[in-house]
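Values below: every heavy atom of this structure, side chains too, minus hydrogens, waters and symmetry copies. We count ligands from 1, going down the list as the structure has it; atoms in each ligand are counted the same way.
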Amino acid sequence: MRKKVILDMDPGIDDAIAILLACRSPELEILGITTVGGNVPLELTTKNALRMLEFVGAENIPVYAGMRGPIFGELRTAEFVHGQDGIGDVNLPEPSKKPAKGHAVDFIRKEVMEKNPSEISIVATGPLSNVAMALLLEPEIARRLSSIVIMGGAYATTPWGYGNESPRAEFNIATDPLAAKIVFNSGAEIYAFGLDVTMRPDAGISKNHYEEIGRAGTKTGDLIHKMLRRFVHLIEPVPMHDPMALAYTIKPEIFKFRRLHVDVEVCGTLTRGETLADLREWLPESFKKPANANICVDLDGKAFIDLLISRVVYGR
Ligand code: RIB
Ligand code: CA
């Protein structure tokens with residue numbers, strides 16, 4: 001039975017690679033892609049989702065545009081990381097398809113309420129504005145979803161578990177901390193992939209991987225090689241944040257989790273957007289708040305990268 005997923009994204013280079021991975025994974029049935037303002041403005045994240053689907057011949061999958069920015073506050077985009085077009089300035093043509101009619105939040109609500117309970121997972125790899133709005137409008141979604149798989153946060157569970165937007169906050173959460181607070185406190189079954197694991201040295205694209213991708217001679221390999229060229233001289237390995245969260249829906253057995261209580265700082269001067277995991281093991285159980293999330297703390301990094309390259313670059 002294929003897993004039904006809704007991909008909620010802000011493409012973005014790593015979101016774009018996660019779309020390719022999802023389209024190349026027979027384990028998944030992609031019900032639709034919902035887009036949100038994040039790495040680049042909503043018009044571009046939406047266009048990039050359409051472009052990536054068209055690139056792999058999956059343009060039958062609907063794309064719904066969603067929230068332009070955070071529930072409260074201004075959107076701060078990241079063109080300096082993802083390029084002016086949001087996917088590495090690779091000059092892909094304009095998509096031939098338009099976004100589907102209707103708002104992303106309404107699509108999420110309709111799909112989840114109409115399908116059987118526990119049939120759908122949302123894989124959210126951008127700010128959580130769409131997911132939070134759907135939960136506010138229809139709280140029952142939290143119980144009907146099989147899971148919400150999140151790329152986001154920094155939980156201090158490993159040496160890499162600290163911020164990239166600030167010393168304590170990760171970009172997706174920091175872009176819309178109120179949305180993240182709503183999601184973590186919704187009662188949904190959450191699987192969160194923070195920088196704790198996505199920044200691990202064995203879970204990114206190394207220079208050797210990059211050169212292998214460049215030699216593969218495949219259409220998708222050439223595209224990814226172009227997308228990553230801006231990073232490969234900046235950071236090694238290049239983290240694959242969003243593909244890692246998506247990979248959990250394909251190969252869950254390579255990931256390890258801790259059940260923790262997490263809440264989100266929405267107004268700290270220095271810590272706004274921090275995902276505060278309660279790591280106090282010494283605290284008596286009776287004093288602890290109940291765990292509300294499965295936080296990924298370990299993975300087989302080689303198995304993840306091998307899966308990613310074989311599916312996306314070689315189409316195996
Ligand atoms: O912090 C990394 C996350 O922020 C990734 O999802 C990347 O695409 C950006 O959205
Ligand atoms: Ca993203």
Side-chain angles (χ1 to χ4, degrees), residues 5-22 33-42 44-49 51-52 63 65-70 75-88 104 122-131 148-156 158 160-177 179-180 183 191-200 203-205 224 227-228 230-231 234-235 237-248 264 272-275 295-296 304 308:
V5 293
I6 294 172
L7 308 182
D8 187 69
M9 307 180 121
D10 65 333
I13 290 173
D14 55 334
D15 306 74
I17 296 172
I19 292 173
L20 297 179
L21 177 59
I33 297 181
T34 50
T35 56
V36 62
N39 288 317
V40 287
L42 179 67
L44 269 178
T45 59
T46 305
K47 202 179 274 189
N48 290 336
R51 280 171 166 150
M52 296 318 293
V63 174
M67 297 283 282
R68 288 188 170 284
L75 175 64
R76 289 206 315 269
T77 51
E79 286 85 350
F80 67 100
V81 175
H82 295 269
Q84 291 308 308
D85 69 358
I87 46 174
I122 294 177
V123 180
T125 64
L128 290 165
S129 318
N130 289 336
V131 181
I148 302 178
V149 180
I150 294 169
M151 189 284 134
Y155 305 91
T158 74
W160 304 281
Y162 298 94
N164 53 4
E165 180 68 12
S166 76
R168 283 288 183 276
E170 178 277 325
F171 176 82
N172 287 337
I173 307 297
T175 299
D176 196 342
V183 173
Y191 290 86
F193 294 79
L195 300 175
D196 310 55
V197 287
T198 67
M199 290 300 288
R200 265 176 51 144
I205 297 290
I224 292 173
M227 282 178 166
L228 297 183
R230 62 194 301 111
F231 292 122
L234 280 178
I235 178 172
V238 180
M240 289 287 109
H241 306 288
D242 298 339
M244 184 183 291
L246 195 280
Y248 169 69
V264 183
R272 181 178 182 277
E274 179 174 10
T275 40
I295 304 301
C296 187
F304 161 58
L308 179 62

- Interfacing atoms of ligand 1 (cut-off 4.0 Å, heavy-atom, Asp14): 5 (C), 6 (O), 7 (C), 8 (O)
- Message: Is it the case that the side chain of Thr158 and the backbone of Trp160 share a donor-acceptor pair, with hydrogens and angles ignored and the cut-off at 3.5 Å?
- Response: yes
- Taking atom 10 (O) of ligand 1 as the reference point, the nearest protein heavy atom with its distance: Asn172 OD1, 2.8 Å
- For the residue pair Phe193 and Tyr248, categorise the inter-ring angle as parallel (less than 30°), tilted (30 to 60°) or perpendicular (more than 60°). tilted
- Message: Is it the case that the side chain of Asp196 and the backbone of Tyr155 share a donor-acceptor pair, with hydrogens and angles ignored and the cut-off at 3.5 Å?
- Response: yes
- Message: I'd like the atom name of the N/O/S atom in Asp10 lying closest to the Ca ion (ligand 2).
- Response: OD1
- Note on the structure: Ranked by distance from atom 6 (O) of ligand 1, the top protein heavy atom is Asp242 OD1, 2.6 Å
- Message: Taking backbone and side chain together, does Asn172 place any N/O/S atom at a distance below 3.0 Å from the Ca ion (ligand 2)?
- Response: no
- ligand 1 versus Asp10, non-hydrogen atoms closer than 4.0 Å: side chain, backbone, both, neither? side chain
- Message: Restricting to non-hydrogen atoms, name the atom on Asn172 and the atom on Thr125 that form the minimum distance, rounded to 0.1 Å.
- Response: ND2-O, 3.3 Å
- Could you tell me whether a side-chain N or O of Arg230 sits under 3.5 Å from a main-chain N or O of Val81, the two making a donor and an acceptor? yes
- Note on the structure: Correct closest heavy-atom pair for Ile13 and Met227 would be CD1-O, 3.5 Å
- Any idea which part of Asp15 is under 4.0 Å from ligand 1, heavy-atom wise: side chain, backbone, both or neither? side chain
- Query: If we only count N/O pairs under 3.5 Å, is His241 in contact with ligand 1?
  - Reply: no
- Counting from 1, what ligand 1 atoms have a heavy atom of Met151 closer than 4.0 Å? 2 (C), 3 (C), 5 (C), 6 (O)
- Under a 4.0 Å heavy-atom limit, does Asn39 contact ligand 1 with its side chain, its backbone, both, or neither? side chain
- Item | Name of the Asp242 atom (N/O/S only) found closest to the Ca ion (ligand 2) | OD2
- Please determine, by modelled atom types, if Thr34 and Asp8 share a side-chain donor-acceptor pair under 3.5 angstrom. yes
- Item | Apex the Ca ion (ligand 2); atoms Thr125 O and Asp15 OD1; angle rounded to 10 degrees | 130°
- Contacting atoms of ligand 1, where contact means under 4.0 angstrom from a heavy atom of Glu170: 1 (O), 2 (C), 3 (C), 4 (O)
